[in-house]
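In what follows, residues are counted from 1 in the order of the sequence shown. Bear in mind the structure is a predicted one, so any value in this text is a computation, not a measurement. Worth knowing before you read on, the calculation uses all heavy atoms, side chains too, and leaves out hydrogens, waters and symmetry mates. Start at 1 and go down the list; that is how both ligands and their atoms are numbered.
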Amino acid sequence: MSTILGAIADDFTGATDLAGLLARSGARVSLRIGVPEGPVEDAAPFEVIALKIRTAPVADAVAQARAAQAWLAQAGAKRFFWKYCSTFDSTAQGNIGPVAEALMEATGARQTIYCPAFPENGRTIFMGNLFVGQVPLGESPMKDHPLTPMRDSNLMRLLAPQVTRDVGLIDRLTVARGADALRDALARSAPHVVVDAVADSDLYVIAEACRDAVLMTGGSAVAMPLPDLYRAVGLLQDGDATAAWRAADGPALVLSGSCSAMTQAQVSRYAAANPSYQLDPLALVQDGVQPVLDWLAAQSGAPMIYATAAPELVRAAQDKLGRDKAGAVVEDALGQIAIAARDTGTRRFVVAGGESSGAVTQALGVTRLDIGPEIAPGVPWCAASSDGNGIALALKSGNFGTEDFFATALERLQR
Ligand code: ADP
């Protein structure tokens, strides 16, 4: 099968988010971690390549995005999507514009849109200004982000210093007039066009108007209508791939390396009813993971191993080991535990934490995820292969899911 839409995401959880939304349509979606090496094998109609380039130096980000685009083109893609965060995370030296221009050049696109809106998550764009809930981006908590502080809310002003050609705006009043009006406006607009969207209905209009665009850029939400639009014109002819999706059979393990508020609640909820073991970074430095593996071998059911801890405990570990070392010790332990669990028969893994998920997938040697049913918005079950074994992975970034997420995720596979 040939790829219809090839997407490039600037980070891992952004890629899972996009892949999950595309899979809501029932279409087959495959997520590759990094640019695959070697020739294209078994391409899905929707291919998403997860890069890690949000804050990479521009030249590096552009080179990786070009390599990803070349692979996707080989897979058959003639339409491309550049996915970044719905809060437009970037600095004036950021990568969103340069990568978009590089992709325009590589694909021959004359124009591209910029639409990071995600109304379901409170991200809307009006008159080119991005809002987070009811406040402008530049007044939201994003203004203090450690890596990409967003102090301006105007997408044209944010984008202009990042690109070499003109930036335009198509506002909500035009979008509200429908896909034909939007197409006309696009034909008259600049090479880089910010497009307003305040509701899902706007995103449908935009996706319809851009259905045949060579390149679109934005958050994940504007891509969500594309599978059904492709079906309507006969581009996509598939059965319900998520219904055919099968999870690997076998024991389950919950691993949590996230200390986000929602994960704290999820961990205490799950620990109340299941065997659980709290990792201590200092003990890991001293004794390694063997004591944890001995504990795990004696458990039945679906145990949980977690480093999740209250802020004062995290600080105590960081004071002794340094912040990076403390994080690395935990991530390394989660990876080793995952490998040992796999080797003793575990086939279903629920992992909490963006970085932690990256560490576990890397340790398991996973390079490709086949997207299955959605557990919570932005978190699908994924099928993968690890050392020749079929496994199922649910990878959740910090604040995703509700309190009962871990149990819900495992129940979802039983159905
Ligand atoms: P989130 O998605 O919530 O941000 P991540 O996995 O991305 O979660 O990041 C959490 C980071 O905190 C990881 O690097 C992890 O190793 C580290 N960490 C987890 N538990 C502890 C702990 N008890 N002490 C110190 N660092 C920890």
TODO: Can you tell me which residue pairs pass the side chain to side chain donor-acceptor pair (under 3.5 Å) test with a partner in residues 297-310, sequence neighbours excluded?
DONE: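 Counting only pairs at least two positions apart or across chains, the side chain to side chain donor-acceptor pair (under 3.5 Å) contacts touching residues 297-310 are S256-T308.
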Go through it in stages, so that I can follow the logic: the residues are R32 and E37, the test is salt bridge (Lys or Arg N to Asp or Glu O under 4.0 Å), and I'd like the CA-CA distance, side-chain angles, deciding distance and then a yes or no. CA-CA 11 Å; R32 318 266 175 169; E37 281 165 26; over 6 Å; no
* **Short side-chain donor-acceptor distance under 3.5 Å, T13 and S397** =>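 Note: S397 and T13 side chains miss the donor-acceptor criterion.
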List below, pair by pair, the N or O atoms of ligand 1 and of the protein that are less than 3.5 Å apart, including the distance to 0.1 Å; reply 'none' if no pair qualifies.
unit_1   : atom_1 : unit_2 : atom_2 : d
ligand 1 : 2 (O)  : G354   : N      : 2.8
ligand 1 : 2 (O)  : G398   : N      : 2.8
ligand 1 : 3 (O)  : S258   : OG     : 2.7
ligand 1 : 3 (O)  : S260   : OG     : 2.5
ligand 1 : 6 (O)  : E355   : N      : 3.4
ligand 1 : 6 (O)  : S356   : N      : 3.0
ligand 1 : 6 (O)  : S356   : OG     : 2.6
ligand 1 : 7 (O)  : G354   : N      : 3.2
ligand 1 : 7 (O)  : E355   : N      : 2.7
ligand 1 : 14 (O) : E331   : OE2    : 2.5
ligand 1 : 16 (O) : G327   : O      : 2.9
ligand 1 : 20 (N) : A307   : O      : 3.3
ligand 1 : 23 (N) : A307   : O      : 3.0

task = Kindly determine whether R348 and D249 satisfy salt bridge (Lys or Arg N to Asp or Glu O under 4.0 Å), including the steps that lead there.
result = CA-CA 8 Å; R348 299 162 178 216; D249 250 343; 3.1 Å; yes
Once you measure the plane-to-plane angle for Y277 and W295, does it fall in the parallel (<30°), tilted (30-60°) or perpendicular (>60°) bin?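 Judged by the thresholds at 30° and 60°, the geometry between Y277 and W295 is tilted.
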Please indicate whether Q290 has more than 12 foreign heavy atoms, meaning atoms of other residues, nucleotides or ligands, lying under 6.0 Å from its CD.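 Yes, the 6.0 Å shell around CD holds more than 12 heavy atoms from other groups.
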